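Hydrogens, waters and symmetry mates are skipped; everything else that's a heavy atom, side chains included, is used. If you're wondering where the values come from, they're calculated on a predicted model, not measured in any experiment.
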There are 2 protein chains.
Amino acid sequence: MEKEKIWYLKRLKLFGGPRAEEQIRELDKIAHHKQYLKNQTVFLPGDRRRLVYLLKKGHIKLCRISPQGKSLTVALLEPGEIFGEIEALDNRPTASVAESLNALEPVTVCEIQHKDYVRYLHQFPEIAIKVLMLVGARARQMEARMEDLAFRSVSSRLANLFIELSEKYGEESPHGIRIRMRLTHQNLADLVGANRETVTAFLSEFRREELITQNKGYFFILEKDKLNMIR
Amino acid sequence: MEKEKIWYLKRLKLFGGPRAEEQIRELDKIAHHKQYLKNQTVFLPGDRRRLVYLLKKGHIKLCRISPQGKSLTVALLEPGEIFGEIEALDNRPTASVAESLNALEPVTVCEIQHKDYVRYLHQFPEIAIKVLMLVGARARQMEARMEDLAFRSVSSRLANLFIELSEKYGEESPHGIRIRMRLTHQNLADLVGANRETVTAFLSEFRREELITQNKGYFFILEKDKLNMIR
DNA sequence: TTTCATATGTATGCCATCATACAATGTATG
DNA sequence: CATACATTGTATGATGGCATACATATGAAA
C-alpha cells in the first residue's frame with residue numbers, strides 16, 4: 001500500500017543515486033495529496049500560498065492572462081511533472097494561472113509548502129541540481145517559443161506546435177500520431193499566441209492538405225515532415 | 001592583491017552564510033580569466049565547450065538568430081552576472097549567441113568548465129539553490145516578455161522596455177534617468193522583436209512627446225509614468 | 001579635415017492577422 | 001429527446017507592422 005502511495009513520485013525523474021529510496025520517502029512525507037474537480041483553477045496570479053505541486057493525474061495548463069482578458073498558455077503539463085513555486089526567489093507571487101485542461105476527470109496533485117520544499121532541497125542537494133536542470137530546460141523552450149512569436153507566422157507556429165505536441169504527448173495509432181489530450185481550437189490559439197478564428201482557418205487548411213485530422217477533440221498528426229516545412 | 005583578484009566574485013550575490021569565504025575562494029580556483037575584444041562573440045549556437053561564464057567588465061547580450069538572419073535579444077547582462085551553460089541538462093549545445101554589446105572597451109569574463117561547475121555545485125549545494133532561484137527569476141522575466149510579444153503592440157513593448165531598462169540599468173542624472181549602456185535603435189528593435197524602422201518611428205514620437213531623449217548613443221528617460229500608460 | 005561606414009529619419013504600398021459578425025455543428029444535461 | 005451552451009466554420013473590412021527605398025546625420029578613422 002505504501003508502494004502504491006508513492007508510485008507517482010517515481011515518474012518524477014528527480015531521484016537517483018544511493019539515496020533514491022530516502023529521497024522519495026522524505027518527499028512523500030511533506031507532500032499533501034489533493035484533488036481538483038474539473039475546470040477548477042489550482043492557483044491564480046497573486047497566490048500567496050507559494051506552493052509547489054506534483055501533478056499525479058490529469059493535465060494542467062499554465063497561462064498568463066492579459067489585462068484585456070486574452071490568455072497565453074506558457075506550458076502544458078503531464079502527470080509526473082513538477083510546477084508552481086519551484087524557483088521562487090523574491091516575495092512576489094506568481095503571475096500565472098494554473099488550471100486543468102478540458103478535464104473530463106478530476107486533476108490530482110500533491111501540494112508542498114514552500115518552506116518544506118526549500119528544506120528538502122537543502123537536505124538533498126542533488127535534487128536541487130536536478131530541479132535546476134529542469135527549470136533550465138523549460139527556460140530554453142521558452143526562448144525558442146519567444147523566437148517563434150517574434151519571427152514566425154501563425155501557420156508556422158501552429159505547424160511547429162503540432163510537432164512539439166506529437167513529440168511530448170504523441171502516441172502511435174492506426175490513424176496517425178494521436179495527441180493524448182483534448183484540445184480545442186481556442187487552446188491551440190492560446191498556445192501559439194493567435195486568434196481563435198485564425199487558427200481555425202489554418203486548421204481547415206491543414207486538414208484539407210491531409211496533414212492532420214481531428215476527432216472528438218483529439219488531434220492526429222498525419223504528415224509530420226510536411227508540417228515541418230510550413231513557413 | 002588576492003583581494004583585488006576576487007572582487008568581481010563578490011558582486012555575484014551567490015555567496016553567503018558561514019562558508020562564504022570558502023565559496024569564493026573555491027570558485028576563483030576553477031574560473032579562468034579571459035578577455036574578449038570588442039565585437040567578438042563569446043559563444044555561438046552549437047558551441048560544444050559548454051562553458052559557464054562570469055561577466056566581470058562590459059556588457060553582453062544573449063541573442064537568438066532566426067534562419068532569415070533576424071535577431072532577437074533574449075537577455076542583457078551586466079558585470080556580476082552569470083551566464084552560459086548554467087542549467088545545461090541534455091547534451092544539446094546552446095541555441096543562443098552571446099556577444100558584446102556595442103563595446104567600446106573589451107569585455108572581461110571568467111570561464112568555468114562545465115564539469116568543474118557541476119562539481120562546485122555539489123560541493124556548495126546552497127549555491128545550487130541560489131542559481132536555481134536566479135534561473136527561475138529569469139524564466140519569469142521571459143514569461144512576461146512572451147506575454148508582451150503575444151499581446152502588446154510595438155509601441156507598448158518599447159515603452160515597457162524603457163521602464164525595465166531604467167530599473168535595471170538606470171541611474172539618476174540631471175537630464176533624467178540615464179541608461180548606462182549604449183544602445184542603437186537596432187538593439188532596441190532586437191529587444192522588443194520588431195523592425196528597426198518601426199522602432200525609429202516610435203522613438204521619434206516618444207521624443208516629440210518629451211518622454212525620452214537620446215544623446216551619443218545613450219538614452220534618457222524623462223517621463224517614466226507616461227511611458228507606463230502607452231497602450 | 002576629409003572620408004567612409006554606421007546609424008537615424010521618414011514615406012509608401014502591401015499583407016498577415018485581428019475584430020467582428022453570424023451560421024452551423026457538436027455535445028452535455030435536464 | 002429536447003434544449004442550451006460550447007465549439008467550429010467562414011467571410012468581411014480594418015489596420016498594425018513589415019519591406020523597401022532612399023535621404024540625412026553622426027562619428028570613427030585616416
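B:Arg231 has its CZ atom 15 Å from the P atom of C:dC18, to the nearest Å. Rounded to an integer number of Å, the gap from CZ of B:Arg182 to C1' of D:dG27 is 9 Å. Atoms CG (B:Asn195) and P (C:dA11) sit 16 Å apart, rounded to a whole Å. Note: NZ (A:Lys70) to P (C:dC18) measures 7 Å, nearest angstrom.
Of the listed nucleotides (C:dT10, D:dG17, D:dT8), C:dT10 has the atom at the smallest distance from the side chain of B:Glu197. Checked against D:dA28, D:dT8, C:dT27, the side chain of A:His185 finds its nearest nucleotide in D:dT8.
Close to C:dT17, at under 4.0 Å from its OP1 or OP2, lies no side-chain N or O of A:Thr198. Contact check, B:Ser204 against C:dT10: a side-chain N or O comes under 4.0 Å of OP1 or OP2. Remark: B:Arg207 is in phosphate contact with C:dG9, judged by side-chain N or O atoms under 4.0 Å from OP1 or OP2. Contact check, B:Thr200 against C:dT10: no side-chain N or O comes under 4.0 Å of OP1 or OP2.
For the salt bridge (charged side-chain N to carboxylate O under 4.0 Å, His left out) test, no residue two or more places apart in sequence or in another chain qualifies with A:Asp190.
Both cation-pi conditions hold for A:Arg178 and A:Tyr218: the charged atom is under 6.0 angstrom from the six-membered ring centre and inside a 45 degree cone around its axis.
In this structure, A:Thr184 and B:Ser155 both approach DNA chain D, and ranking their closest nucleotides by distance from the 5' end singles out A:Thr184. The nearest heavy atom of DNA chain D to A:Ala150 and to A:Gln214 marks one nucleotide each, and the one closer to the 5' end goes with A:Gln214.
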With side-chain contact (heavy atoms from CB on, under 4.5 Å) as the test, would you mind laying out the steps for B:Tyr117 and B:Val131 before giving the verdict?
CA-CA 12 Å; B:Tyr117 170 73; B:Val131 174; 3.6 Å; yes

Mind running side-chain contact (heavy atoms from CB on, under 4.5 Å) on A:Glu209 and A:Glu223 for me, showing each step along the way?
CA-CA 10 Å; A:Glu209 294 169 23; A:Glu223 300 272 8; over 6 Å; no

Practice prompt. Tell me, with the steps shown, if A:Thr73 and A:Leu62 meet side-chain contact (heavy atoms from CB on, under 4.5 Å).
Written response: CA-CA 6 Å; A:Thr73 300; A:Leu62 302 180; over 6 Å; no

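Using a 4.0 Å heavy-atom cutoff across all strands shown, B:Ala194 reaches sugar-phosphate atoms only and no base atom. At the heavy-atom level, A:Phe151 lies nowhere under 4.0 Å from the strands shown.
Of all nucleotides present, only D:dT7 satisfies the Watson-Crick or G-U wobble test against C:dA24, with each distance under 3.5 Å.
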